[in-house]
Amino acid sequence: MRLSPLTRRRWAIFRSHRRGYVSLWIFLLLFGLSLFAEFIANDRPLVVHFAGHWYFPVVQDLPEDTFGPDFLPTEADYSAPDVKAAIAARGFALWPLIPYDYRTIVQNLPSPAPSAPSWRNPLGTDDQARDVLARVIYGFRISVLFGFTLTLVSSVVGIAAGAVQGFYGGLIDLFFQRFIEIWSGMPQLYLLIILGSIITPGFWVLLAFLLAFSWMTLTGVVRAEFLRGRNLEYVRAAKALGVSDAAVMWRHILPNAMVAVLTFLPFTLSASVSILSSLDFLGFGLPPGSPSLGELVAQGKNNLQAPWLGITAFVVLGGMLTLLVFVGEAVRDAFDPRRGGAGSCGAGKGKAGSCKTRRTAAS
């Protein structure tokens, strides 16, 4: 696919922002690994070769009597000594790097839970004897997916609402503004407490609830840009030529409004990624037992004698938000039209003469 000159210039500006460019690759690496959490941290083997047959317990459920008639037809517990011995006698099992998932209770700990980091549990265990590293991997994936989904959907809704307000103005803008003022004053935490007393909040329930309020973050910015852009001469000319309102909004005003949106988007994304951890810390997030960075923060607060819990939560959350902010700053600079000339001149070597010529001609 051939990129346009504008896209190439923006990519050059983004790459020149070394801090954001490196942060992007680090974040993509961590997020990519977390997407395969079941293959990295699991209490089931990846592959089992038994009696000439191949099994893949990581993606399929097997009864214990698969490994011998002396076992029950219940779901296999691969950590049980008898099952391990039966598999080793007639085959072998290939285990993940971390032989625990986020629910596994680690047996035979050297000290009561929470136990300190060791070779067996590099980040120690929490107060329920679950491996912290496994829960961090699963919790990182849930936090990022939740934050990205919330940011994407709320941004689309907020941009659409602000565009309609700013483009049409008048009574539509007036009534919409009064609605936003009333709706933004609703006590979100109290409503979430009421919701939690009726049903058990899950991933999608929390996402829908937070979406009902988070879409207003970008509405004011987009509204202001559309109020300014609808009176520009080229917009009036397009409308005089019979271009539809949707086409004028999409092609002529929205690209300019996106510069202001991208200025606020990194902070919106960081808030969306961390909001699930905040709710889990307060006890109003995912159901108990779910992998959560917020629950790890709460355990660090409740177990001051186990500092590795709080330190791990701080490093993971702080590092994740720092990477996202750095990437957001680089994206914002890449889409900033005021940096277009600098980006095109500084995109590569050997262009200093052309840039100097342009500056001379401009002066």
Exercise. Should the ring pair Trp25 and Tyr21 be called parallel, tilted or perpendicular, given that the plane angle runs from 0 to 90° and is split at 30 and 60?
Worked result: perpendicular

Exercise. Under 30°, 30 to 60°, or over 60°: which ring-plane class applies to Phe92 and His49, parallel, tilted or perpendicular?
Worked result: parallel

Salt bridge present between [X] and [Y] (N-O < 4.0 angstrom):
X: Arg135; Y: Glu295; answer: yes
X: Arg178; Y: Glu181; answer: yes
X: Arg44; Y: Asp61; answer: yes

Exercise. For Tyr100 and Arg120, what are the C-alpha separation, side-chain angles and deciding distance, and is it a side chain to side chain donor-acceptor pair (under 3.5 Å)?
Worked result: CA-CA 10 Å; Tyr100 316 104; Arg120 184 183 178 190; 3.0 Å; yes

For this session: Hey, could you give me the CG/CD1 distance between Leu123 and Ile311, rounded to the nearest 0.5 Å?
Result: 10.5 Å

Seminar exercise, completed: d(Leu174 CG, Phe179 CZ) to nearest 0.5 Å is 14.0 Å

Problem set entry | Common cluster, Tyr102/Leu296, ILVMFWY with side-chain heavy-atom separation under 4.5 Å | no

For this session: Could you state whether Ile40 and Phe31 fall into the same hydrophobic cluster, counting links through intermediate Ile, Leu, Val, Met, Phe, Trp or Tyr residues with side-chain heavy atoms under 4.5 angstrom apart?
Result: yes

Look at the side chain of [X] and the backbone N and O of [Y], then say whether any donor-acceptor pair between them is shorter than 3.5 Å.
X: Thr125; Y: Ser115; answer: yes
X: Asp101; Y: Glu38; answer: no
X: Ser292; Y: Gly294; answer: yes
X: Asn303; Y: Ala306; answer: no

For this session: Report, as yes or no, whether the 6.0 Å neighbourhood of atom CH2 on Trp250 holds more than 12 heavy atoms from other residues, nucleotides or ligands.
Result: no

Seminar exercise, completed: In terms of heavy-atom contacts, Ser270 and Leu324 come closest through OG-CB, 4.2 Å

Exercise. If you look at every heavy atom in Phe67 and Ala86, which pair is closest and at what distance?
Worked result: O-CB, 3.7 Å

Problem set entry | Near-ring test Phe50/Tyr55, centroid separation under 6.0 angstrom | no

Problem set entry | Arg228: partners by salt bridge (Lys or Arg N to Asp or Glu O under 4.0 Å), with sequence neighbours left out | Glu225

